[in-house]
Amino acid sequence: MLKQHQYQFCFGPWNLSEGQDPYGPTTRPAQTFDWKLDQLKKLGFDAMMFHDDDAIPDIDSKSDAQIRKEARELKKKLADAGIAAEMVAPRLWFSPMTIDGAYTSNDPKCRKYAIDRSLRSIDIANYLGTDILVLWLAREGTYLRESKNGRRSVDLLVQAFDKMLAHDKTIRLAIEPKPNEPMDHAYLPTIGHALAIAQLTRDTKRVGCLIESAHAILAGLDPADEIDFAMAFGKLWSLHLNDQNGLKFDQDKPFGSANLRVAFTQVRALERNGYGKKGEYVCFDVHPFRPTKVEHWLAHLDNSRRTFLRLVEKARTFDNQQAQQLIGDRNYAALDQMVLNHLMGK
Ligand code: GLO
Ligand code: MG
C-alpha cells in the first residue's frame, strides 16, 4: 500500500492564553515562553508560529543588532528542542501607532511605522529560518466608512506589500483574511480578495494566503470551499483550523467542536488537494475556554489534533465508490445520510 501522507502540526504561544476577554480579566496565570515551548514539545507538535514580539519581546525598543542577537538565540533554542518556526507575523494592532489602522492609516507616520515593523518581521523570519510572513490585517478597515477612502486603501495595501517583496527576494506573504472584528468591515475579508490583490503586486507568485476556519465562517462561507479555491491557485501556504458557532465574536473553538461535518469537509478538501505535501503545517488557532483550569490548559490543542486525525481517518475510509453511485442516481438524501452514518461510526 502507498505510504500515506503524515501531517505536521503547529500552534502559537498566544494559543496558550490566560482567559481575558473584553468583559473580564485573566483566569489563568501568565506563563513564560520557555514553558510554552516545553508544552508544545511535550504534546509532540512540530512547529511554532510567532508574532514578531513573541519572538522578540518589546521589539519597538530594540536596535536591529539586538533583534538579530535575540532572534539567533531563539533559533538555537528552537533547534535544540527540534521545533521549527512556521511563520512570523507583525503584530500591527497593539501599538499606539496603529490605532487607526497600519498600512491604511490616515497618518503617513503611522503607515511608515507599520511598514518598517513589517520589514523587521521579515528579517526575524530570515533569522528563524522561515520564508512565510503572515499578514492578519487586523485594523485595515473601518468603524465608519466615511473615515477612509476605500480605493486609496487598496493602493496603500499594494504599496506596503510591494515594499516587503522588494526588501527580501525570497519572502512569501500569506494574507490571513477576516471579514470583521476588531473592525466593522475589513478591506480583505475573504480568500478571493487576498488572491485578487496578489495580482496587483510586483511579484504575484509570492503573495498567497492562510485560511482560518472561523474567519471563513464569519464571512458566511464554507472553509472547505476557501481551501479548494486557494489550492487551485497553489497558494494555500498556511492554515488556522478551529471552529466557530455562527455569526458571533471570533470564538477560536477547538477544531470540529461546533460543526463536525464542516470540519470533515475541510479535512476532505485538504486531502484531495494534497495540503502539507510541500511542507505546509496544520496550525490550530484555538483558545482554551475561559473557565479552563490550569491543569487542563493544553486540552484544546490536543483535542483539536485528535479530532483532526480522526477525521483524516474518516476521509480516507469514506466509501467514494458508493458516494459516486448515489451521486449518479441523484440520490442526495441517501448521500447525506451516508455521510452522517460514516461520521457516527455506522
Ligand atoms: C485573529 C487571528 C490571529 C492571527 C494571528 C497571526 O483573529 O486569527 O490569531 O491568526 O495574530 O497573525
Ligand atoms: Mg488566525
Side-chain angles (χ1 to χ4, degrees), residues 9-22 36 47-57 59 85-95 98 101-103 114 117-118 120-122 124-125 128 130 132-141 157 160-161 164 171-191 194 207-219 221 223 226-227 230 236-245 247-255 258 266 280-288 300-301 304 308:
F9 298 98
C10 176
F11 65 82
W14 68 92
N15 298 120
L16 289 171
S17 50
E18 293 90 28
Q20 67 274 33
D21 68 15
K36 292 182 178 183
M48 195 175 238
M49 339 186 234
F50 288 95
H51 293 117
D52 52 0
D53 58 0
D54 294 323
I56 315 287
I59 186 169
E86 193 252 350
M87 63 81 166
V88 176
R91 197 197 295 270
L92 293 173
W93 51 96
F94 251 68
S95 159
T98 56
Y103 313 127
R117 184 150 169 180
S118 307
R120 278 190 145 183
S121 296
I122 293 174
I124 297 170
L128 296 186
T130 170
I132 296 187
L133 189 81
V134 166
L135 298 174
W136 173 47
L137 303 172
R139 298 195 192 277
E140 314 297 6
L157 287 170
F161 299 157
M164 294 176 226
I171 199 76
R172 292 184 290 158
L173 311 182
I175 299 173
E176 179 182 349
K178 183 177 180 183
N180 59 279
E181 202 202 29
M183 310 313 291
D184 182 1
H185 286 290
Y187 284 130
L188 300 182
T190 69
I191 292 303
V207 184
C209 65
L210 178 165
I211 291 170
E212 172 161 325
S213 325
H215 298 179
I217 294 166
L218 284 170
L221 300 172
E226 294 279 81
I227 291 170
L236 186 58
W237 298 334
S238 186
L239 185 65
H240 287 180
L241 293 183
N242 57 16
D243 214 345
Q244 170 74 27
N245 187 17
L247 302 183
K248 300 183 175 138
F249 59 94
D250 187 9
Q251 297 180 316
D252 296 327
K253 289 189 168 197
F255 183 55
Q266 287 171 77
E280 306 92 340
Y281 290 88
V282 170
C283 311
F284 296 111
D285 198 355
V286 292
H287 285 274
H300 61 304
L301 291 157
S304 291
F308 178 86

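Start at 1 and go down the list; that is how both ligands and their atoms are numbered.
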Pairs of nitrogen or oxygen atoms, one from ligand 1 and one from the protein, closer than 3.5 Å: please tabulate them with distances.
| from | atom 1 | to | atom 2 | distance (Å) |
| --- | --- | --- | --- | --- |
| ligand 1 | 7 (O) | Lys178 | NZ | 2.8 |
| ligand 1 | 7 (O) | His215 | NE2 | 3.1 |
| ligand 1 | 7 (O) | Asp250 | OD2 | 3.0 |
| ligand 1 | 8 (O) | Glu176 | OE2 | 2.9 |
| ligand 1 | 8 (O) | Glu212 | OE1 | 2.7 |
| ligand 1 | 8 (O) | His215 | NE2 | 3.3 |
| ligand 1 | 8 (O) | Asp285 | OD2 | 2.9 |
| ligand 1 | 9 (O) | Asp285 | OD2 | 2.8 |
| ligand 1 | 10 (O) | Glu176 | OE1 | 2.7 |
| ligand 1 | 10 (O) | Glu176 | OE2 | 2.8 |
| ligand 1 | 10 (O) | His240 | ND1 | 3.1 |
| ligand 1 | 10 (O) | Asp285 | OD2 | 3.0 |
| ligand 1 | 11 (O) | His51 | NE2 | 2.6 |

Could you tell me which non-hydrogen atom of Ala214 sits nearest to which non-hydrogen atom of Asp243, and how far apart they are?
CB-O, 4.3 Å
Looking only at side chains, do Asp252 and Asn242 share a donor and an acceptor under 3.5 Å apart?
yes
In terms of relative ring orientation, are Trp93 and His51 parallel, tilted or perpendicular, with 30° and 60° separating the classes?
perpendicular
Where the side chain of Ser238 meets the backbone of Leu210, is there a donor-acceptor pair that is under 3.5 Å apart?
no
What I want to find out is whether Arg120 reaches Asp52 closely enough, with some N-O distance under 4.0 Å, to be called a salt bridge.
no
Can you tell whether the side chains of Lys36 and Glu18 come within less than 4.0 Å, N to carboxylate O?
yes
Interatomic spacing from CD in Gln266 to CD1 in Ile227 - rounded to 0.5 Å
5.0 Å
Has the side chain of Asn15 got a donor or acceptor atom that lies under 3.5 Å from a matching backbone atom of Val286?
yes
Which N, O or S atoms belonging to the protein are less than 2.8 Å from the Mg ion (ligand 2)?
Glu176 OE2, Glu212 OE1, His240 ND1, Asp285 OD2
Residue among Asp250, Ile217, Leu241 satisfying side chain to side chain contact (heavy atoms under 4.5 Å, CB included) with Glu212:
Asp250
